[in-house]
Each structure stands twice: as structure tokens, then as C-alpha cells.
Amino acid sequence: MKILYFAWLRERIGHAEDCIDPPASITTIAALTDYLTTLGPAYQRAFADRSAIKTALDQRFVPPDTPLGDAREVAYFPPFTGG
């Protein structure tokens, strides 16, 4: 599964993407986010305020309780502003 990080998430983690094979017990976006925080302090800092993060599953915005299913890509975004 490809995991993409944008804006300050990318800056805090230190790179723009990961390719991971999460454990079978990881079945939702929220569980995946929990799992990512176990990968180190940079991930813990990036995901410290989850209310400020939007997530897309295969290029569709979804809430944290969304099942991963057979997803190929998960992207994490900070909130958007208009202009």
C-alpha cells in the first residue's frame, strides 16, 4: 500500500511517501494511522493532532472509520484553505 503525506505532514515525517504492507489486523483508516505512529517519533509528531488531518483512500476523501478494503493508496492532508 502506498501512503502519501502532504504539506506539514511530509515535513514532520521527513519524506513524501511510504510503501507498507500493514498487518492484517489493520482494517480502517484510524487503525492505519495508529499503526503509523508506531514507526517512530516523526510519525508521532505528524499525527499528534488527528482532528487537523484529512485522509483520502484511493483518491476519495473518507472519514477515519472507513474500512481499508483492497486500497492501494492512502493520502494524508492538512486542512485546506480557500483563496
Side-chain angles (χ1 to χ4, degrees):
M1 175 184 300
K2 183 186 280 190
I3 312 293
L4 303 173
Y5 312 104
F6 291 90
W8 54 259
L9 291 160
R10 177 182 61 235
E11 293 169 10
R12 290 179 187 175
I13 292 171
H15 53 270
E17 68 181 65
D18 283 316
C19 278
I20 65 167
D21 187 15
S25 61
I26 308 301
T27 60
T28 65
I29 293 290
L32 177 64
T33 307
D34 289 341
Y35 171 75
L36 292 173
T37 65
T38 69
L39 300 181
Y43 293 87
Q44 292 168 6
R45 282 190 302 276
F47 293 109
D49 182 7
R50 296 183 191 185
S51 68
I53 299 171
K54 303 295 181 203
T55 310
L57 180 69
D58 288 335
Q59 301 184 5
R60 292 180 51 215
F61 284 105
V62 295
D65 61 346
T66 300
L68 290 172
D70 293 327
R72 293 180 299 159
E73 179 183 277
V74 176
Y76 290 94
F77 301 86
F80 300 110
T81 59

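We're numbering straight along the sequence, starting at 1. Predicted model only: the values in this text are computed from it and were never measured.
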> Count I, L, V, M, F, W, Y as connected when their side-chain heavy atoms are under 4.5 Å apart, and connections chain through other members. Are V74 and F61 then in the same cluster?
no
> Within a strict 4.5 Å, meaning less than it, do heavy atoms of the Y5 and I53 side chains meet?
no
> Could you tell me whether the side chain of L32 reaches within less than 4.5 Å of the side chain of I20, counting heavy atoms only?
yes
> With a 4.5 Å cut-off on side-chain heavy-atom distances among I, L, V, M, F, W and Y, is there a chain of contacts connecting F77 to L68?
no
> Search all heavy atoms of T27 against all heavy atoms of A24 and return the closest pair with its distance.
CG2-O, 3.6 Å
> L57 and I26: same hydrophobic cluster, using ILVMFWY side-chain contacts below 4.5 Å?
yes
> Once you round to the nearest 0.5 Å, how far does OH of Y43 lie from CZ of R12?
14.5 Å
> May I ask you to test the P78-L9 pair for a side-chain heavy-atom distance under 4.5 Å?
yes
> So, for F6 and A75, which heavy atoms are closest and what is the spacing to 0.1 Å?
CE1-CB, 3.9 Å
> For D21, does the CG atom sit with more than 12 other heavy atoms under 6.0 Å from it, leaving out its own atoms?
no
> Closest approach of T28 and P64, non-hydrogen atoms and distance?
CB-O, 4.0 Å
> Given 3.5 Å as the limit, does a donor-acceptor pair link the side chain of T33 with the main chain of I29, or not?
yes
> Using a strict cut-off of less than 4.0 Å between a Lys/Arg side-chain nitrogen and an Asp/Glu carboxylate oxygen, indicate whether D34 and R50 qualify as a salt bridge.
yes
> Give, for atom CZ of R72 and atom CE of M1, the distance between the pair rounded to the nearest 0.5 Å.
11.0 Å
> Would you compute the distance between atom OH of Y76 and atom CD of E17 and round it to the nearest 0.5 angstrom?
14.5 Å
> Any donor and acceptor pair, going by atom type alone, linking the side chain of D58 with main-chain N or O of E73 inside 3.5 Å?
yes
> Can you measure from CZ (R60) to OG1 (T55) and round to the nearest 0.5 angstrom?
14.0 Å
> For the residue pair Y35 and T37, establish whether any side-chain heavy-atom pair is separated by less than 4.5 Å.
no
> Does D65 CG have over 12 foreign heavy atoms under 6.0 Å away?
yes
